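Below, chain A is the first sequence line, B the second, and so on; all start at residue 1. Note that the structure is predicted; figures quoted are calculated from it, not measured.
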There are 4 protein chains.
Amino acid sequence: MPREVRERQMLDAAVAAFARHGYQAASMDDIAEAAGVSKPLVYLYLKSKEDLFMACVRREVGALVAAVREGTRARGLTADQQLWRGLTAFFAHTAARPDGVAVLYRARTQGEPFAREVAAMRVEVVAIVTALLGQAAKDAGCPSELAEREVSGLAHALVGAAESLAEWANSRTAEHFFADEAAGSTTAPSAKETAATLMNFCWAGLENLMKGARWTPAPGPARGPAPAPAPARGRPGG
Amino acid sequence: MPREVRERQMLDAAVAAFARHGYQAASMDDIAEAAGVSKPLVYLYLKSKEDLFMACVRREVGALVAAVREGTRARGLTADQQLWRGLTAFFAHTAARPDGVAVLYRARTQGEPFAREVAAMRVEVVAIVTALLGQAAKDAGCPSELAEREVSGLAHALVGAAESLAEWANSRTAEHFFADEAAGSTTAPSAKETAATLMNFCWAGLENLMKGARWTPAPGPARGPAPAPAPARGRPGG
Amino acid sequence: MPREVRERQMLDAAVAAFARHGYQAASMDDIAEAAGVSKPLVYLYLKSKEDLFMACVRREVGALVAAVREGTRARGLTADQQLWRGLTAFFAHTAARPDGVAVLYRARTQGEPFAREVAAMRVEVVAIVTALLGQAAKDAGCPSELAEREVSGLAHALVGAAESLAEWANSRTAEHFFADEAAGSTTAPSAKETAATLMNFCWAGLENLMKGARWTPAPGPARGPAPAPAPARGRPGG
Amino acid sequence: MPREVRERQMLDAAVAAFARHGYQAASMDDIAEAAGVSKPLVYLYLKSKEDLFMACVRREVGALVAAVREGTRARGLTADQQLWRGLTAFFAHTAARPDGVAVLYRARTQGEPFAREVAAMRVEVVAIVTALLGQAAKDAGCPSELAEREVSGLAHALVGAAESLAEWANSRTAEHFFADEAAGSTTAPSAKETAATLMNFCWAGLENLMKGARWTPAPGPARGPAPAPAPARGRPGG
DNA sequence: AATGAATGAGGGTTCATTCAT
DNA sequence: TATGAATGAACCCTCATTCAT
């Protein structure tokens, strides 16, 4: 059997094992057995447990980023729609490959070499989102002086929320985490619905940023809604 | 040395070890040594590794919930201020006890007995937040028919975002996660600032809920800002 | 509380523990707790686990030998009746103090210092039995040249059989050993019945010895009953 | 080195260790070292200490039963000779494999799973003996109404006595038990001699059963030998 | 007379990893 | 290409035993 095929079998088995049990608790014995090969072969192809885990992480990072990029790449769409498509792709991927996502989730707590990989991925994704948000703001007639830093903050929040929601959808690792909600809803929401929900949040935030509206701890006399400035002309509707 | 003191030393050492290395990788030998006692004593007081971890989890759950409750308990404050204070307390706690929070974070992936404990805590916190948000909406003159379910959704998002931010602040477990930002900013934002940022988010979301404003994927011709309904009279300003 | 009382409590607890779990598996913690004292006190009175076990063994050896001697000491009885009384006393003791007997049983497999103690006891008992058997043979008109060695062999067999039966009666350590029989009989036979059964055996053997009757492997033509020599005049009847 | 060979080495070492030190005191380290392998290999082949002990017990049970069966299987022999051969085989086995027998001896006090195995073996052996005794009685012209239960009792006593004698022969575990005798005799009796001695006992008992002769505690005036009924025609001579 | 506090030592078990083939 | 055989190291846990009071 050609090396590539064998190698993919091993990675598949490893991803499943790491997702289910975590890095430490997953045993090379189990992985080899699940892959249908002997242990020395695993060591021949992937040099160690660390390398095997890293290979899993990299593969899943690539798959996730590719999925998101693919979603946003469509031509002829406005920025907000691209963003929505990217989110949809993200949630669809998350639902389709729960084990792969779980591996990334585990990698984040696994220290030096692994966490860095996931962090890099995150940086990449945040950059994409920031660019799209900025573009959307511009499209909506937002004055360009809107601090990039603020948009970046919004992007971070959006990505964090997306991760949170994805974690929730991944019932394997998080089935007890949202136990209250899980009890109430019989089926998980579709990727599109979830993405729309997030868009809503994000849009509200963006609008606020553009309007300069803020919540402040000190209750002032004039905390009513600020008079909406020049109403956004473009897509972000209210 | 009296038992109680020793026991706290052990829990402290254990929390640190579990936070740093995770449940599996932390060794009882190291914990005992860090606590300045011999291993048998650890087993004498806390019966097993599982029990020790559970004791850590429960202690940190208690401390975290207590901190948040304490923040919200102040009298004579409006609901939104209570919420802000609660968030501030949460972030302050998170910054003050990064190891404790990391333990809770680890516990969520450690399976049945532990994840349940954290899930229960989360349910508790979400309930608190939901109540405050609902009260705030009412204070702002929101029609009571605003679905409680939607407020609860917002509460979930808020809590998720708070966790995300806290994770970021916890430099120990997440130092590589936001490597980009960590490199850029020399100091972490204060708990109050972080809380205010989150309040902004949450307020934007709440306003949207009250206005019934939504983002929808299909670009319609009239996606401009909906005519603001009865402008909120109270605190949630724009 | 006076030392003697405490010491007996400890020995009682130790005998129970050793009987139930064996020397190795019985823990000093459990013994101390069962005795209602703290562990250091056990070490203060009985110096070590070995010494504690030895004290148990010696106490139970003494009790057993005393019981048997007491049974045989009655005056005005024929030798066979003394023997029967001794056996009865032995089985009664065995039934009354199963834990004590179990300790002796365990001690036999516990190596040097302990096995020797039980062996010495056994030698003592065998000597008593041998004397009684010899006396009984003489009383029955047996020619004195009956080899003492043969009588001693019979005594050994008798003692071995008694031990076997006692082990059976001691349901704690041997409840599965004779599972077939245990299923059939609802109640254990009384000490007197058991003793009588054994007397029967021993008497048959003694008679054979006196008659010089033997079973031999080679089937000779004249293997019919040997002409009974001078029929035993006395008690050992056929 | 092939697995089977290694596995037998391990079992050999384990049998020796368990025989010498008992189940609890024998350490897996020592067993592995004695077997000339590392500890993990022992765990790879035999899954745990319990399983290892059980494997030893089963192997030795099988070997012992096979030896006895082999002894009795000879054709063209009368029942009593078969019995004698079986006993001889038993004692020969006992002398040849003292450690194996000691393991069975230890197993009897080691609780549920192990004691049951030995008990089952004993039931099997008793059944063989009972059958042979019954056949022998019939051959000797014994009236068939001789209660099977009584024969079974005799069989039990015989087996118990055999065990006792075997224990004595097994110098390793019982070297102090019969210290008196061991000191007196320079060489252990051969298996054949021991078997003949036991046959003698057993034959005496069988004869008594057939004649209905009994020893009773109460000394009556007419305790002389009962008039021998129809003298046994066959092999069991007196 | 009695104990709470504490430990050195060792046992069973598992795991990542390698050799020889 | 692929594996059966084998291990060094480490981990969780327990126990007999002592010290200071």
Taking only distance into account, with no hydrogens and no angle test, what donor-acceptor pairs under 3.5 Å do side-chain atoms of residues 29-37 of chain D form with protein atoms, sequence neighbours excluded?
{"from": "D:Asp29", "atom 1": "OD1", "to": "D:Lys39", "atom 2": "NZ", "distance (Å)": "3.1"}
{"from": "D:Asp30", "atom 1": "OD1", "to": "D:Ser27", "atom 2": "OG", "distance (Å)": "3.4"}
{"from": "D:Asp30", "atom 1": "OD2", "to": "D:Ser27", "atom 2": "OG", "distance (Å)": "3.3"}

Chain C on DNA chain E: first and last contacting nucleotide, 5' to 3', under 4.0 Å to a heavy atom? E:dA1 to E:dA6
From [X] atom [atom1] to [Y] atom [atom2], the distance as rounded to the nearest 0.5 Å:
| X | Y | atom1 | atom2 | result |
| --- | --- | --- | --- | --- |
| C:Met54 | C:Leu46 | CE | CG | 13.0 Å |
| B:Leu52 | B:Met10 | CG | CE | 9.0 Å |
| D:Gln9 | D:Glu4 | CD | CD | 12.5 Å |

Taking side chain to side chain contact (heavy atoms under 4.5 Å, CB included) as the definition, give me every residue that meets it alongside C:Ala25, ordered by chain and number, with sequence neighbours left out.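 Per chain and number, C:Ala25 pairs via side chain to side chain contact (heavy atoms under 4.5 Å, CB included) with C:His21, D:Gln24.
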For C:Arg59, which residues count as a salt bridge (Lys or Arg N to Asp or Glu O under 4.0 Å) partner, sequence neighbours excluded?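 Scan of C:Arg59 (salt bridge (Lys or Arg N to Asp or Glu O under 4.0 Å), adjacent residues dropped) gives C:Asp12.
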Using Watson-Crick and G-U wobble pairs with both distances under 3.5 Å, what is the 5'-to-3' dot-bracket string of DNA chain E, with [ ] for crossing pairs and | for pairs outside the strand? .||||||||||||||||||||
D:Glu7: side chain to side chain donor-acceptor pair (under 3.5 Å) partners, not counting sequence neighbours: D:Arg3
Residues in side chain to side chain donor-acceptor pair (under 3.5 Å) with C:Gln110, at least two apart? none
Residue whose closest nucleotide on DNA chain E lies nearer the 5' end, B:Ser38 versus C:Leu41: C:Leu41
According to the side-chain hydrogen bond (donor to acceptor under 3.5 Å, both in side chains) rule, which pairs have a member within residues 41-58 of chain B, sequence neighbours left out? B:Arg58-B:Glu117
When the ring planes of C:Phe53 and C:Phe18 are compared, do they come out parallel, tilted or perpendicular, using 30° and 60° as the limits?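 Perpendicular, since the angle between the ring planes exceeds 60°.
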Donor-acceptor under 3.5 Å (D:Arg106 side chain, C:Thr109 main chain):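 Checked: pair present.
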Are any side-chain N or O atoms of A:Arg108 and backbone N or O atoms of A:Ala115, one a donor and one an acceptor, separated by less than 3.5 Å? no
Kindly give the atom pairs (protein nitrogen or oxygen, nucleotide nitrogen or oxygen) under 3.5 Å for nucleotides 13-16 of chain F.
{"from": "F:dC13", "atom 1": "OP2", "to": "B:Tyr43", "atom 2": "OH", "distance (Å)": "2.8"}
{"from": "F:dC13", "atom 1": "OP2", "to": "B:Lys49", "atom 2": "N", "distance (Å)": "2.9"}
{"from": "F:dC13", "atom 1": "N4", "to": "B:Lys39", "atom 2": "NZ", "distance (Å)": "2.2"}
{"from": "F:dA16", "atom 1": "OP1", "to": "C:Ala26", "atom 2": "O", "distance (Å)": "3.3"}
{"from": "F:dA16", "atom 1": "OP1", "to": "C:Lys49", "atom 2": "NZ", "distance (Å)": "2.6"}
{"from": "F:dA16", "atom 1": "OP2", "to": "C:Met28", "atom 2": "N", "distance (Å)": "2.9"}

Which ones in residues 1-10 of chain D lie close to DNA chain F, meaning a heavy atom under 4.0 Å from one of its atoms? D:Met1, D:Arg3, D:Arg6
One pair to check against side chain to side chain contact (heavy atoms under 4.5 Å, CB included): B:Val103 and B:Asp99. What are the steps and the verdict? CA-CA 6 Å; B:Val103 162; B:Asp99 284 353; 5.6 Å; no
To the nearest Å, give me how far apart CG (B:Leu46) and P (F:dC12) are. 14 Å
Find the distance B:Glu33:CD to F:dA10:C1' and express it as a whole number of Å.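 It works out to 15 Å between those atoms.
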